[in-house]
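Report on the structure given below.
This chain uses plain numbering: 1 for the first residue, then up along the sequence. No experiment lies behind these values; they were computed from the predicted model shown.
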Amino acid sequence: MAALLDLLDLERVDRDIFRGRSRPAVVPRVFGGQVAAQALAAAFRTVPGDRLAHSLHAYFLRPGDPGAPIVYTVDRVRDGRSFTTRRTVAVQHGQPIFHLSASFQTAEEGLEHQEPMPAGIPDPATLPSAAEQLPRHAHLFSDPRVADRLAEARAAIDLRYVTDPPYLTAGEPREPRSRVWFRTAGKLAGEADRPALHLCLATYVSDMSLLEPVLLAHGRGGWTTGDVVGASLDHAMWFHRPFRVDEWLLYDQSSPTSQAGRGLGHGRIYTADGRLAVTVMQEGVVRVPR
């Protein structure tokens, strides 16, 4: 958890330029959720403290090199009375690898409604953690060492599947829906307990499993079993209501379509008491190896 928080504590190089580091990922490139979270963290560093992100839209342009620093340049697009807009570009080796546009808003009251939280979801305490589940099924992966790398990559996040992950039902097409509970593996306290950081951490987690419903629809085990290859293409998030990422959140994910080597993932993140906190959309490359 300390290592993850350190990743989001970017070094300020200049007024609107920041430098970030990477951590090892399961695949030989920078984890997309890390780049998105760092880009949002960089934008937050240029925004008045009374404004929180309410939406972000991003494109993954090139694979990130985990062995090199990432430089984030923030463009102060607009500062209005209620809304602030920022654009962040992540650069490695002289080339942009990621673009993010984010909008921030002052606190405001307004009309409210929401789609209800799914009913009948088991309590997360009754579900196995990744640390418990992954070692038991390492034999299903294309390389058993992947289980250790995946467990290490998720050590800061307690992520528990309500439904079986794709690698457990490979070869059996299912409804394209996946639900997971998640929270950080420790409480945020002191300087770390800031609303902006909770949003950045949710952004980090949002890229972990959103394309898995695409795999379920076609009975594919996923990147860990080697029966598909893929990568995130774009990512969008809307932050609706306050939440804490160190308390249980339900990530309800589905896929409305896949075609032309691409799959679309849709997610809703609910607090444990049923408030719709975040909506997420992502399209990614999902290809069957030749």
inquiry  = Walk me through whether Tyr72 and Phe98 qualify under ring pair (Phe, Tyr, Trp, His ring centres under 6.0 Å).
reply    = CA-CA 9 Å; Tyr72 296 91; Phe98 181 81; 7.8 Å; no

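- Side chain of Trp181 to backbone of Pro122: a donor-acceptor contact under 3.5 angstrom is found.
- A donor-acceptor pair is defined here as one N or O able to donate and one able to accept, closer than 3.5 Å; such a pair exists between the side chain of Arg62 and the backbone of Pro96.
- Salt bridge annotation for Asp193-Lys187: absent, with no cationic side-chain nitrogen under 4.0 angstrom from a carboxylate oxygen.
- Cluster annotation: Val13 is not connected to Val74 through the hydrophobic network of ILVMFWY side chains, with a link wherever side-chain heavy atoms come within less than 4.5 Å.
- Atom CZ of Arg12 has more than 12 neighbouring heavy atoms from other residues, nucleotides or ligands inside a 6.0 Å radius.
- Side chain of Asp246 to backbone of Arg183: no donor-acceptor contact under 3.5 angstrom is found.
- Counting only distance, with no hydrogens or angles, the side chain of Gln38 and the backbone of Ser22 share no donor-acceptor pair below 3.5 Å.
- Across every non-hydrogen atom of Phe60 and Ser232, the tightest pair is CB-O, 3.4 Å.
- In this structure, the side chain of Gln253 engages the main chain of Leu210 through a donor-acceptor pair within 3.5 Å.
- Rounded to the nearest 0.5 angstrom, Glu283 CD and Ser255 OG are separated by 9.5 Å.
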Check against side-chain contact (heavy atoms from CB on, under 4.5 Å), Asp123 and Trp248 = CA-CA 10 Å; Asp123 189 281; Trp248 287 115; 5.9 Å; no

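- Residues forming a side-chain contact (heavy atoms from CB on, under 4.5 Å) with Arg76 (at least two apart in sequence, or on another chain): Arg15, Asp16, Thr46, Arg86.
- For Tyr161 and Gln133, the side-chain atoms include no donor-acceptor pair closer than 3.5 Å.
- Looking at every heavy atom in both residues, His57 comes nearest to Trp238 through CE1-CZ2, 3.5 Å.
- With hydrogens and angles ignored, the 3.5 Å screen pairs a side-chain donor or acceptor of Arg241 with a backbone N or O of Leu276.
- The environment of CZ in Arg51 is crowded: more than 12 heavy-atom neighbours from other residues, nucleotides or ligands sit within 6.0 Å.
- Atom CZ of Arg81 is separated from atom CG of Asp79 by 13.5 Å, given to the nearest 0.5 angstrom.
- The closest donor-acceptor contact from the side chain of Arg275 to the backbone of His240 lies at 3.5 Å or more, if one exists at all.
- Hydrophobic clustering of Ile, Leu, Val, Met, Phe, Trp and Tyr side chains at less than 4.5 Å, counting indirect connections, keeps Val286 apart from Phe31.
- Every side-chain contact (heavy atoms from CB on, under 4.5 Å) that Thr169 has, sequence neighbours left out, goes to Asp164, Glu172, Arg174, Leu216.
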task = Starting from the C-alpha separation in whole Å, work towards a yes-or-no answer on side-chain contact (heavy atoms from CB on, under 4.5 Å) for Phe44 and Leu199.
result = CA-CA 10 Å; Phe44 260 118; Leu199 269 61; 4.1 Å; yes

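- No side-chain donor-acceptor contact under 3.5 Å links Gln105 to the backbone of Ser55.
- Looking at Asp75, its side chain never comes within 3.5 Å of a backbone N or O of Arg87 through a donor-acceptor pair.
- Taking the six-membered ring for Trp and thresholds of 30 and 60 degrees, His139 and His137 have ring planes inclined between 30 and 60 degrees apart.
- Surrounding OH of Tyr59 are at most 12 heavy atoms belonging to other residues, nucleotides or ligands under 6.0 Å away.
- A donor atom on one side chain and an acceptor atom on the other are found under 3.5 Å apart for Ser103 and His54.
- Under a 3.5 Å cut-off, the side chain of Arg160 and the backbone N or O of Leu127 do form a donor-acceptor pair.
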